[in-house]
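Encoded as structure tokens, the structure appears first; notes follow it.
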Number of protein chains: 4
Amino acid sequence: MSLPAGQPKFRRRKADRPDEIVAAAFEVFAEKGFAAARLDDIAARAGVSKGAIYLYFATKEDIFQAVVEQGVAPNLHNLAALAAANPQTFPDLIRAFAKVMAHVASTTPIGGIIKMVIGEARNFPELARVWHDRLIVPALGALTGAIAAAQARGEIRPGDPRHYAAGLISPLLVGVIWRETFTPVGAEPFDLPALMEQHVETQLRGMVP
Amino acid sequence: MSLPAGQPKFRRRKADRPDEIVAAAFEVFAEKGFAAARLDDIAARAGVSKGAIYLYFATKEDIFQAVVEQGVAPNLHNLAALAAANPQTFPDLIRAFAKVMAHVASTTPIGGIIKMVIGEARNFPELARVWHDRLIVPALGALTGAIAAAQARGEIRPGDPRHYAAGLISPLLVGVIWRETFTPVGAEPFDLPALMEQHVETQLRGMVP
Amino acid sequence: MSLPAGQPKFRRRKADRPDEIVAAAFEVFAEKGFAAARLDDIAARAGVSKGAIYLYFATKEDIFQAVVEQGVAPNLHNLAALAAANPQTFPDLIRAFAKVMAHVASTTPIGGIIKMVIGEARNFPELARVWHDRLIVPALGALTGAIAAAQARGEIRPGDPRHYAAGLISPLLVGVIWRETFTPVGAEPFDLPALMEQHVETQLRGMVP
Amino acid sequence: MSLPAGQPKFRRRKADRPDEIVAAAFEVFAEKGFAAARLDDIAARAGVSKGAIYLYFATKEDIFQAVVEQGVAPNLHNLAALAAANPQTFPDLIRAFAKVMAHVASTTPIGGIIKMVIGEARNFPELARVWHDRLIVPALGALTGAIAAAQARGEIRPGDPRHYAAGLISPLLVGVIWRETFTPVGAEPFDLPALMEQHVETQLRGMVP
DNA sequence: GATGAATGAGTCTTCATTCAT
DNA sequence: GATGAATGAAGACTCATTCAT
């Protein structure tokens with residue numbers, strides 16, 4: 001409890017605490033779900049006492065909100081980046097979109113977030129609403145819009161552009177869910193970037209007139 | 001040692017009590033997840049007392065297992081029916097497959113089951129294993145095999161047949177999850193049969209040489 | 001309820017039911033104690049339904065009372081028989097007393113009753129009172145009186161006659177408790193008649209002037 | 001998810017909490033038996049909340065085991081002390097033994113422990129086994145051995161030495177049980193030291209040739 | 001600020017008791 | 001009379017939350 005003078009190295013500063021707690025909480029919530037998650041587990045994994053958590057969060061639900069919040073923010077950035085990048089042709093747009101998404105799906109813990117959103121949507125409708133309104137509708141809407149525009153230019157066959165969009169990105173979602181759900185019990189994993197590359201090329205070939 | 005209440009009790013008695021309990025439990029588990037589900041809720045929704053549940057199930061977990069079990073069985077039948085039907089050409093096979101699956105997805109509560117499997121896979125690994133081994137691997141394997149066979153006949157372009165299979169059915173899964181997750185908070189629903197019809201035709205067009 | 005004329009053998013009559021229930025209850029109570037005894041066990045062991053018990057007894061406690069009652073009655077008879085028999089000399093009285101008691105202790109389930117009385121005395125003080133007042137005080141009192149009389153005649157050395165009485169019969173009680181408590185876990189049993197014979201002779205030798 | 005009460009809490013905190021709980025539990029178990037004992041009672045008597053008990057013991061059975069354990073240990077010490085003391089003659093050995101035992105029986109709560117052992121032996125056979133193996137067999141064995149040795153030296157008449165041993169100490173046990181069972185309902189108590197002194201002298205007189 | 005012992009409302013589970021059949 | 005499915009009050013145990021230190 002008292003700090004030895006000459007041991008500077010692993011002295012954590014209190015400013016990091018909330019993030020560490022949220023990180024630990026994310027792991028536990030993603031693994032167990034909200035109700036089955038134990039504050040003891042979170043505290044232990046964060047390396048703090050249970051009481052310390054309450055210095056930064058008022059309730060378990062608040063921690064959960066913070067976890068989800070931290071899952072939304074970076075993806076918003078990804079979206080913005082995607083929107084900023086502006087490839088010339090529609091196929092390149094789709095390829096770039098899929099590539100970035102596959103990379104994100106492969107390298108970030110977004111799978112845990114998605115699991116939580118799916119699993120807790122009914123217990124925390126606000127959570128589902130935030131994800132839907134701030135991430136999914138914009139993303140899906142942008143994709144749908146791009147498809148509709150390409151259709152207007154005659155580059156894409158007729159058809160419901162929203163269905164085209166869903167057909168394009170669904171394998172990514174399923175791949176992420178697969179990794180969270182079945183890989184831990186021995187299922188053969190999917191190579192998401194490879195899956196998406198093949199899928200996008202197939203889709204594009206099927207979508208052009 | 002316990003005080004008699006004085007209210008009327010006992011309404012009926014039946015051999016299908018267990019099914020009523022499982023049905024009620026399915027609703028509650030699908031809505032809340034395992035941990036957040038309350039036996040009181042299940043009992044109330046089944047129209048029985050909490051104690052009555054324990055005449056048929058030893059633990060909450062047993063009820064959960066029974067719920068999942070009842071979600072596996074009918075789908076096994078669907079699979080078998082699919083295998084029995086044997087359309088002449090590969091595209092017709094895929095079309096038939098997608099049609100049946102879209103119908104099942106639209107008319108059965110499989111979405112709730114899938115939510116439960118995703119949400120509780122880590123807490124009940126056996127559950128994930130059963131689903132993976134008995135339903136998903138056979139179904140995905142059959143589809144993958146059919147694709148590989150069509151590739152061998154030159155009817156389908158080269159490419160990882162498992163990735164093709166995933167690309168084909170993913171929108172269905174996503175559609176079901178969407179319905180469970182976002183529709184309750186106001187999201188625009190997907191017309192699964194229509195989505196799948198368009199998706200399959202697009203995929204087929206993209207898959208042929 | 002009606003006795004078929006030609007099937008006399010295994011037709012239980014309702015008049016036997018209470019006794020069968022009490023007998024079954026005795027086994028279960030003696031083994032588990034009152035609180036840990038299950039009416040299901042009792043019903044099963046008595047070969048009746050749980051509901052049937054309530055045709056004859058209003059509560060679990062009533063069954064317990066009946067069990068204890070049935071344990072008191074026969075011993076009262078034994079006491080009376082002892083009192084009726086009137087050997088000539090004091091040593092013969094003691095010998096006869098010890099012999100009868102050892103026989104009873106060896107051949108009746110009185111051990112279970114005693115265990116119940118000891119174990120439940122605090123939860124059912126009335127039970128302890130009945131045993132004390134109706135069995136123990138009379139028996140111990142008679143023995144003490146006989147000893148005091150013998151002392152008055154100069155046949156027994158001075159000393160507290162109640163202590164002499166306790167010293168005489170204690171090994172019997174301990175032997176019975178031993179059988180109920182330690183023999184089931186592998187303890188070497190006591191041969192109660194032999195133990196009592198040796199003990200009585202030793203005591204008598206020590207008690208005479 | 002739980003509503004804060006608003007009353008003052010937390011009074012003290014100590015390392016000897018477990019001992020206080022065991023002490024309280026001993027009283028309740030000795031009075032009610034294991035099954036009828038309520039954790040609420042134990043908690044209230046220990047001056048802690050029900051939840052606090054679970055900081056120190058995992059289950060009700062663990063508390064029970066701890067209670068019994070604490071009843072074994074001191075008696076083991078008594079035994080060792082008895083063995084260490086080595087009077088010259090056999091009668092003095094017996095007198096010392098009886099005196100110490102009577103003192104222990106009169107001044108310690110061993111009666112409650114014995115009641116528990118007798119009452120719960122069938123529900124917790126391990127409990128009976130521990131007492132038998134670690135306390136009773138050594139004690140009874142030592143006494144029996146001393147008697148046999150004295151017989152070999154011709155100081156004691158022939159006869160089963162184990163029966164002699166049982167005859168010597170039984171009144172002590174019965175006295176303790178009497179105190180627990182009948183004294184609370186108004187029975188005349190026994191003066192254990194006086195009883196034992198008279199009993200031992202009587203026995204010794206009867207045992208010598 | 002941090003800790004972790006303590007709290008107590010809430011949950012699963014049991015079982016004596018009831019009553020429709 | 002008998003049955004046993006059903007009840008519901010109560011008990012063991014959990015865990016988010018609090019607060020003395």
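No experiment lies behind these values; they were computed from the predicted model shown. The sequence lines fix the lettering, A, B, ..., with proteins before strands; numbering per chain opens at 1.
What separates CG of B/Asp41 from P of E/dG10 is a distance of 14 Å, to the nearest Å. Rounded to whole Å, atom P of E/dA16 lies 9 Å from atom CD1 of C/Ile63. Rounded to an integer number of Å, the gap from CD of D/Glu20 to P of E/dA6 is 9 Å. Rounding to whole angstrom units, CD1 of residue C/Ile42 and C1' of E/dC15 are separated by 12 Å. Atom P of nucleotide E/dT14 and atom CG of D/Leu39 are separated by 16 Å, given to the nearest angstrom. Put simply, CD1 on B/Ile21 is 12 Å from P on F/dA5, counting in whole angstrom units. Going from atom NZ of B/Lys60 over to atom C1' of E/dG10 covers 12 Å, rounded to whole Å. Between the P atom of E/dA16 and the CG atom of C/Asp40 lies a distance of 7 Å, rounded to the nearest Å.
Contact annotation: A/Lys50 does not reach the phosphate of E/dG4 (side-chain N/O to OP1 or OP2, under 4.0 Å). Residue A/Arg38 places at least one side-chain N or O closer than 4.0 Å to OP1 or OP2 of F/dA16. In terms of phosphate contacts, D/Tyr56 brings no side-chain nitrogen or oxygen within less than 4.0 Å of OP1 or OP2 of E/dA5. Contact annotation: B/Tyr54 side-chain N/O to F/dA6 OP1/OP2 distance is not under 4.0 Å. Checking the phosphate oxygens (OP1, OP2) of F/dA2, a side-chain nitrogen or oxygen of C/Arg17 falls inside 4.0 Å.
Across all strands shown, B/Ala37 has heavy atoms under 4.0 Å from sugar-phosphate atoms exclusively, and none from any base.
Under the side-chain contact (heavy atoms from CB on, under 4.5 Å) test applied with D/Met116, the options D/Phe64, D/Trp131, D/Phe124, D/Phe34 reduce to a single match, D/Phe64.
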Review point. Where do D/Ile118 and C/Lys115 land on the side chain to side chain contact (heavy atoms under 4.5 Å, CB included) test, with the steps shown first?
Key: CA-CA 7 Å; D/Ile118 293 173; C/Lys115 242 189 69 174; 3.7 Å; yes
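Where B/Leu55 and D/Ala52 meet DNA chain F, the nucleotide closest to each residue was compared, and B/Leu55 sits on the side nearer the 5' end. Residues B/Ile53 and D/Phe34 each lie close to DNA chain F; by heavy-atom proximity, the contact nearer the 5' end of the strand is made by B/Ile53. Nucleotides of DNA chain E nearest to A/Ser49 and D/Ser49 differ in position, and the one nearer the 5' end is that of A/Ser49. Both B/Ala35 and C/Ala36 sit near DNA chain E, but only B/Ala35 has its closest nucleotide nearer the 5' end.
Heavy atoms from other residues, nucleotides or ligands lying under 6.0 Å from NZ of D/Lys60 number more than 12.
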Check your understanding: How is the base pairing of DNA chain F summarised as a dot-bracket string, given the Watson-Crick and G-U wobble criteria with both distances under 3.5 Å, [ ] for crossing and | for another strand?
Key -> .||||||||||||||||||||
